[in-house]
Q: 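Below you will find the structure I want to go over with you.
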Amino acid sequence: MSASVQQLALVDCNNFYVSCERVFRPDLRHTPVVVLSNNDGCVVSRSNEAKALGVKMGQPWFQAQDLAEAHGILALSSNYALYADMSNRVMQILSAFSPRQEVYSIDECFVDLTGMPEPKAIGLQIRERVNAWTGIPVCVGIGPSKTLAKLANHIAKKHPRSPGVFNYNALTPAQQTKLLAQIAASEVWGVGRRLTAQLQAQGIHSVQDLRNAHTPTLRSAFGVVMEKTQRELQGTACMDLEEAPSAKKQIIASRSFGQPVQALPVLQDAVSSFVANACSKLRAQNSQAALIQVFLQTNRFRKDQPQYSPCLAVPLPQATNDSLVLNRWAAALAERMYRPDYLYKKAGVMLSDITPAGQHQTDWLEPTAPTQTPLMHALDQLNQRYGRGTVKVSGQGAYSAWQMKQERKSPNYTTDWQNLPCV
DNA sequence: TCTCCGATTAGAC
DNA sequence: CTAACGGTCTAATCGGAGA
């Protein structure tokens with residue numbers, strides 16, 4: 001008896017951010033809608049109608065302005081509180097279908113259906129239940145590896161007669177070959193724009209070409225990652241399901257400003273807000289950092305203006321996750337780099353050299369600090385209960401000149417009583 | 001020559 | 001009227017510095 005093939009399902013929400021908005025705005029069900037990135041900069045989610053009109057993923061919104069006006073495309077600022085909450089509901093529902101689940105991103109989840117009868121029927125049930133309980137449409141792809149589950153999901157989404165679920169494992173070898181020959185290699189997970197071009201130059205156009213390519217040649221030209229991808233396409237799982245999210249090795253908090261900023265105190269205010277943000281992520285995973293970096297940036301799209309993008313780091317005498325301590329370092333770094341004659345458009349804070357909290361590289365000369373001050377703990381609790389930004393480190397939020405543009409945000413329907421829609 | 005490390009590249013979403 | 005272009009994260013690989 002041969003070992004049975006893994007039945008791995010990838011559940012992917014359709015046009016996720018737009019779908020979240022539509023749950024609370026059913027009137028938008030048939031109008032073209034897009035959701036914009038932070039600062040209302042780029043298009044990050046599109047309804048099918050918007051896609052059909054030619055709005056591109058990642059397109060700067062101002063470039064789509066004419067098209068938008070001509071066709072009445074509605075643009076919304078991103079509402080992450082809403083999307084995170086809807087995502088949690090979806091993932092919660094999926095967890096009932098299998099003991100093994102990997103939340104891969106805000107709108108995608110791998111669910112291990114190995115050993116269960118009728119995986120396709122389960123896929124259909126997943127689709128139905130998620131839609132009934134949350135209003136979010138999803139597609140399900142099933143395959144023997146993550147890469148093939150992803151590809152199967154793509155087929156479930158794109159195939160005209162698809163019921164929204166596609167099981168690659170149900171195909172005969174001949175059907176697999178025929179199908180993969182019809183799909184462009186660029187659809188494969190891990191094959192982006194650059195690699196697509198390089199593969200083409202080697203005569204590799206379809207997924208089948210890639211699956212069939214001479215392995216040592218592929219390996220020497222493209223490295224280990226591509227070899228893994230090829231093996232996954234051949235049906236051998238090389239990537240494990242990661243059920244628990246692993247601790248971040250690097251944490252970045254940064255933002256483009258709503259308008260150019262010139263004054264140091266405003267920059268420092270922004271930076272202190274980024275420190276607060278990064279530190280709360282750090283504490284949430286129970287870690288500490290031993291290196292902090294701050295960077296400033298002028299607007300790189302303004303070729304007519306002088307450019308300056310400094311970045312400065314300090315190794316800390318002692319690893320910490322204390323916002324107050326890190327904020328003092330960050331403010332000093334910002335001051336060191338600051339030059340008054342520039343218009344800054346973006347800044348950020350980076351924490352690295354991350355270790356579990358409490359693991360001390362003790363220094364004989366430095367007194368050891370407690371791993372988590374009661375003050376920081378209280379701050380996290382309050383901000384968690386009453387919303388981010390309820391309690392702030394002094395300096396943070398004193399100036400609002402840098403705040404991002406968010407002119408089209410929908411209400412926080414699910415996370416703020418004040419915003420409950422009246423039925 | 002080897003090893004280490006920071007910078008760069010590529011990708012995902 | 002003009003200007004308007006995201007944020008985080010990882011792993012592999014490259015290229016130079018130093019041992």
Side-chain angles (χ1 to χ4, degrees), chain A residues 10 12-18 34-46 55-66 68 75 77-78 80 83-84 87 102-110 146-147 150 153-154 185-199 219-229 238-239 242 245-260 270 273-274 277-278 281-282 285 291 293 295 297-305 309 311 313 315 343 345-354 404-408:
Chain A
L10 175 69
D12 193 324
C13 303
N14 303 347
N15 314 334
F16 184 57
Y17 296 174
V18 165
V34 300
V35 172
L36 305 178
S37 65
N38 278 336
N39 229 9
D40 292 345
C42 299
V43 173
V44 291
S45 181
R46 305 161 294 160
V55 182
K56 299 288 173 236
M57 184 63 175
Q59 189 175 23
W61 178 234
F62 75 89
Q63 286 177 6
Q65 215 68 168
D66 291 347
S77 303
S78 39
Y80 286 106
Y83 313 148
S87 174
E102 176 183 339
V103 177
Y104 175 70
S105 75
I106 195 163
D107 75 329
E108 279 177 57
C109 184
F110 289 102
K146 283 184 169 179
T147 304
K150 277 238 161 205
N153 189 284
H154 171 257
S186 59
E187 301 296 345
V188 173
W189 193 29
V191 178
R193 224 180 49 241
R194 303 296 181 96
L195 287 174
T196 299
Q198 292 171 37
L199 285 168
R219 165 71 187 255
S220 73
F222 298 98
V224 265
V225 179
M226 188 64 85
E227 186 184 342
K228 264 192 177 180
T229 296
C238 301
M239 309 172 67
E242 287 171 35
S246 45
K248 304 266 175 275
K249 297 171 180 175
Q250 181 184 215
I251 291 171
I252 300 174
S254 77
R255 207 112 291 182
S256 294
F257 305 140
Q259 52 187 57
S273 163
F274 303 149
N277 197 337
K281 288 186 203 166
L282 191 61
Q285 66 169 39
L291 187 80
Q293 266 176 99
F295 64 85
Q297 280 174 18
T298 48
N299 187 345
R300 68 184 197 286
F301 295 106
R302 292 293 298 265
K303 308 282 190 220
D304 56 319
Q305 291 179 355
S309 304
C311 177
L343 294 172
K345 190 64 184 17
K346 181 174 177 172
V349 169
M350 213 176 300
L351 303 177
S352 44
D353 226 322
I354 291 176
M404 70 177 174
K405 205 162 36 168
Q406 255 199 334
E407 289 166 353
R408 309 146 172 277

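In what follows, chains are A, B, ... by sequence order, proteins preceding strands, each numbered from 1. Below, each value reflects all heavy atoms present in this structure, side chains not excepted, and no hydrogens, waters or symmetry copies. Fair warning: this is a prediction, and the values are worked out from it, not measured in the lab.
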Q: Between C1' on dA12(B) and NE2 on H154(A), what's the gap in Å once rounded to a whole number?
A: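 Rounded to the whole Å, the gap is 15 Å.
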Q: Check the distance between dT8(C)'s C1' and K281(A)'s NZ and give it to me in whole angstrom.
A: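 Spelled out: NZ on K281(A) to C1' on dT8(C) is 7 Å.
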Q: For the backbone of M404(A) and the side chain of N38(A), can you confirm whether one donor and one acceptor N or O come within less than 3.5 Å of each other?
A: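 Not a single qualifying donor-acceptor pair exists.
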Q: Using atom CD1 of I251(A) as one end and atom C1' of dG7(C) as the other, report the distance to the nearest whole Å.
A: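 Answer to the nearest Å: 14 Å.
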Q: Compare all side-chain heavy atoms of L195(A) with those of F222(A) and state whether any distance is below 4.5 angstrom.
A: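 Yes, side chains in contact.
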Q: Do the non-hydrogen side-chain atoms of I106(A) and Y17(A) ever get within less than 4.5 Å of each other?
A: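 Result yes, sub-4.5 Å side-chain heavy-atom pair found.
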Q: Mind telling me whether Y104(A) and W189(A) have parallel, tilted or perpendicular rings, with 30° and 60° as the class edges?
A: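 Geometry flag for Y104(A) against W189(A): perpendicular rings.
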Q: Between V44(A) and L36(A), what is the shortest heavy-atom contact and its length?
A: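 So the two residues come closest at CG2-C, 3.8 Å.
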Q: Does the protein touch nucleotides 1-6 of chain C at the base, only the backbone, or not at all? Give it as B, S and - per nucleotide, heavy atoms under 4.0 Å.
A: --SBBS
Q: In whole Å, I'd like the distance from the CD atom of Q297(A) to the P atom of dG7(C).
A: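 It works out to 9 Å between those atoms.
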Q: More 5' along DNA chain C: Q250(A) or V224(A), using each one's nearest nucleotide?
A: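 It is Q250(A) whose nearest nucleotide is closer to the 5' end.
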Q: Donor-acceptor pair, K346(A) side chain versus F257(A) backbone, under 3.5 Å?
A: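 Between the backbone of F257(A) and the side chain of K346(A) there is no qualifying donor-acceptor contact (under 3.5 Å).
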Q: Rounded to the Å, how far apart are E242(A) CD and dT10(C) P?
A: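 That distance rounds to 11 Å.
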Q: Toss me the dot-bracket line for DNA chain C: Watson-Crick and G-U wobble, both under 3.5 Å, 5' to 3', using | for pairs to another strand and [ ] for crossers.
A: ......|||||||||||||
Q: Take the protein atom CZ of R219(A) and the nucleotide atom C1' of dA12(C), then report the distance between them rounded to whole Å.
A: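 Value for this atom pair: 11 Å.
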Q: From the list dA12(C), dG11(B), dT8(C), which nucleotide is the closest neighbour of the side chain of V225(A)?
A: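 Looking only at side-chain atoms, V225(A) lies closest to dA12(C).
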Q: Could you check whether any side-chain N or O of S186(A) sits under 3.5 Å from a backbone N or O of T196(A), counting only pairs where one atom can act as donor and the other as acceptor?
A: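 Checking the backbone N and O of T196(A) against the side chain of S186(A), no donor-acceptor pair under 3.5 Å is found.
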Q: In whole angstroms, how far is the P atom of dA12(B) from the CG atom of D12(A)?
A: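 Roughly 13 Å, once rounded to whole Å.
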Q: Is the backbone of K405(A) close enough, under 3.5 Å, to the side chain of N39(A) for a donor and an acceptor to pair up by distance?
A: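 Between the backbone of K405(A) and the side chain of N39(A) there is a qualifying donor-acceptor contact (under 3.5 Å).
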Q: Measuring only between side-chain heavy atoms, which start at C-beta, is L343(A) closer than 4.5 Å to Q305(A)?
A: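 L343(A) vs Q305(A): side chains touch.
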Q: Using whole Å, what does the distance between atom P of nucleotide dG11(B) and atom CH2 of W189(A) come to?
A: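 One finds 14 Å between P of dG11(B) and CH2 of W189(A), rounded.
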Q: Under 4.0 angstrom, heavy atoms only, what part of the nucleic acid is I106(A) near: base, sugar-phosphate, or nothing?
A: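 I106(A): no heavy atom of the nucleic acid under 4.0 Å.
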